[in-house]
Amino acid sequence: MKASVTVLGSGTSHGVPMIGCTCAVCQSADPRDRRTRPSIHVAVEGGPAILVDTSTDLRMQALAHGITRVDAILFTHSHADHIMGMDDVRRFNAIQGGAIPAYADERTAGDLRRTFSYVFTPPDQKGGGIPQLELSTIEGRFNVGGVGIEPVPVFHGLRPILGFRFGSFAYVTDCNRMTDAAWSILAGVDVLILGALRYRPHPTHFTVSEALQVVEALKPRQSFFTHICHDLPHAATNAALPPGVALAHDGLKFDVEVAAAFAPAEVAERKWT
Ligand SMILES: [Zn+2]
Ligand SMILES: [Zn+2]
Ligand SMILES: [Zn+2]
């Protein structure tokens, strides 16, 4: 099945430009140097439209990139930049007329229930409305509307979080260390979006050179770096990257082949519990 991937946000948690920063990248006129908080949208042809994370900037991202449908939401982890657009899910509930299935690992699901208690433990009087999500805990491979999704366990500092592989394409952000499982799950991936914060070391994110080492090991046909801070000017950084590697930018769109739903035996093969 073919799918169209849109990078909704390619920035780190502060976004670029950062509030009050006068550096060259924050003042750049290149639209690719304007980075909102990290998220992607995967629209499967004749299948579901899948949103990865509800970034702080979800409303403006949906308006900017014509996103009018979300059939499922996958959460990588519960850091603020990845979840704080939750309330904007209400528009998709209204347009589509129902709750939206959402998927997160156990820790992230717990954080979401606590952070958004008004969503998951709703008050009696609903006022202006609340987002409607049917939250499931990820316990290994799962299927969304005929598409097979393989969670990719990686480390974000000390914290285990998830990337996701959809057939030939994978999205791994907020990572500074692969797990053994991640290497085998990502083997043979054709297009990879990978987090690469900046050149200087960081305790919870890959640098550009660390991300390039992952690319070198996995050898995807095309890699895009995301979750980028204001240290990296788009044009100059891209010019220095090897062939087949580029910085992502907000609004970047490309087509991929996603995998059909896993059979029950394939789900059982990669069950975590
Ligand atoms: Zn982040
Ligand atoms: Zn700056
Ligand atoms: Zn994070």
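Read the numbers this way: they start at 1 and go in the same order the structure lists the ligands and their atoms.
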Item to check | Apex the Zn ion (ligand 3); atoms His156 NE2 and His77 NE2; angle rounded to 10 degrees | outcome: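 That angle is 100°.
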Checklist entry - Closest to the Zn ion (ligand 1), which N/O/S atom of Asp174 is it? => result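 Within Asp174, restricted to N, O or S, the Zn ion (ligand 1) is closest to atom OD2.
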Checklist entry - In Asp81, the N, O or S atom nearest to the Zn ion (ligand 1) is which? => result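 Considering only N, O and S atoms, Asp81 comes nearest to the Zn ion (ligand 1) through OD2.
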Checklist entry - Short check: any N/O/S atom of His227 below 2.8 Å from the Zn ion (ligand 1)? => result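 Yes, His227 qualifies, because one of its backbone or side-chain N, O or S atoms lies under 2.8 Å.
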Next on the checklist: Looking only at N, O or S atoms, which one in His230 sits nearest to the Zn ion (ligand 2)?
Outcome noted: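 Sorting the N, O and S atoms of His230 by distance to the Zn ion (ligand 2) puts ND1 first.
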Checklist entry - What is the distance from atom CG of Leu241 to atom CG of Leu232, rounded to the nearest 0.5 Å? => result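 Output value for this atom pair is 8.5 Å.
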Item to check | Check ion pair Asp105-Arg107 (N to O, under 4.0 angstrom) | outcome: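 So Asp105 does not pair with Arg107 through a salt bridge.
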Next on the checklist: Parallel, tilted or perpendicular, judged at 30° and 60°: which one describes the rings of His156 and His77?
Outcome noted: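 Geometry flag for His77 against His156: perpendicular rings.
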Checklist entry - Are Phe262 and Leu186 connected in a single hydrophobic cluster, I mean Ile/Leu/Val/Met/Phe/Trp/Tyr linked by side-chain heavy atoms less than 4.5 Å apart? => result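 No; tracing contacts between hydrophobic side chains, which count when under 4.5 Å, never links both residues.
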Item to check | Qualifying residue, where the test is salt bridge (Lys or Arg N to Asp or Glu O under 4.0 Å) with Arg37 and the options are Asp57, Asp53, Asp250, Asp81 | outcome: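 The residue from Asp57, Asp53, Asp250, Asp81 that satisfies salt bridge (Lys or Arg N to Asp or Glu O under 4.0 Å) with Arg37 turns out to be Asp57.
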Next on the checklist: Nearest N/O/S atom of His79 with respect to the Zn ion (ligand 3), by atom name, please.
Outcome noted: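 Looking at His79, the N, O or S atom with the least distance to the Zn ion (ligand 3) is ND1.
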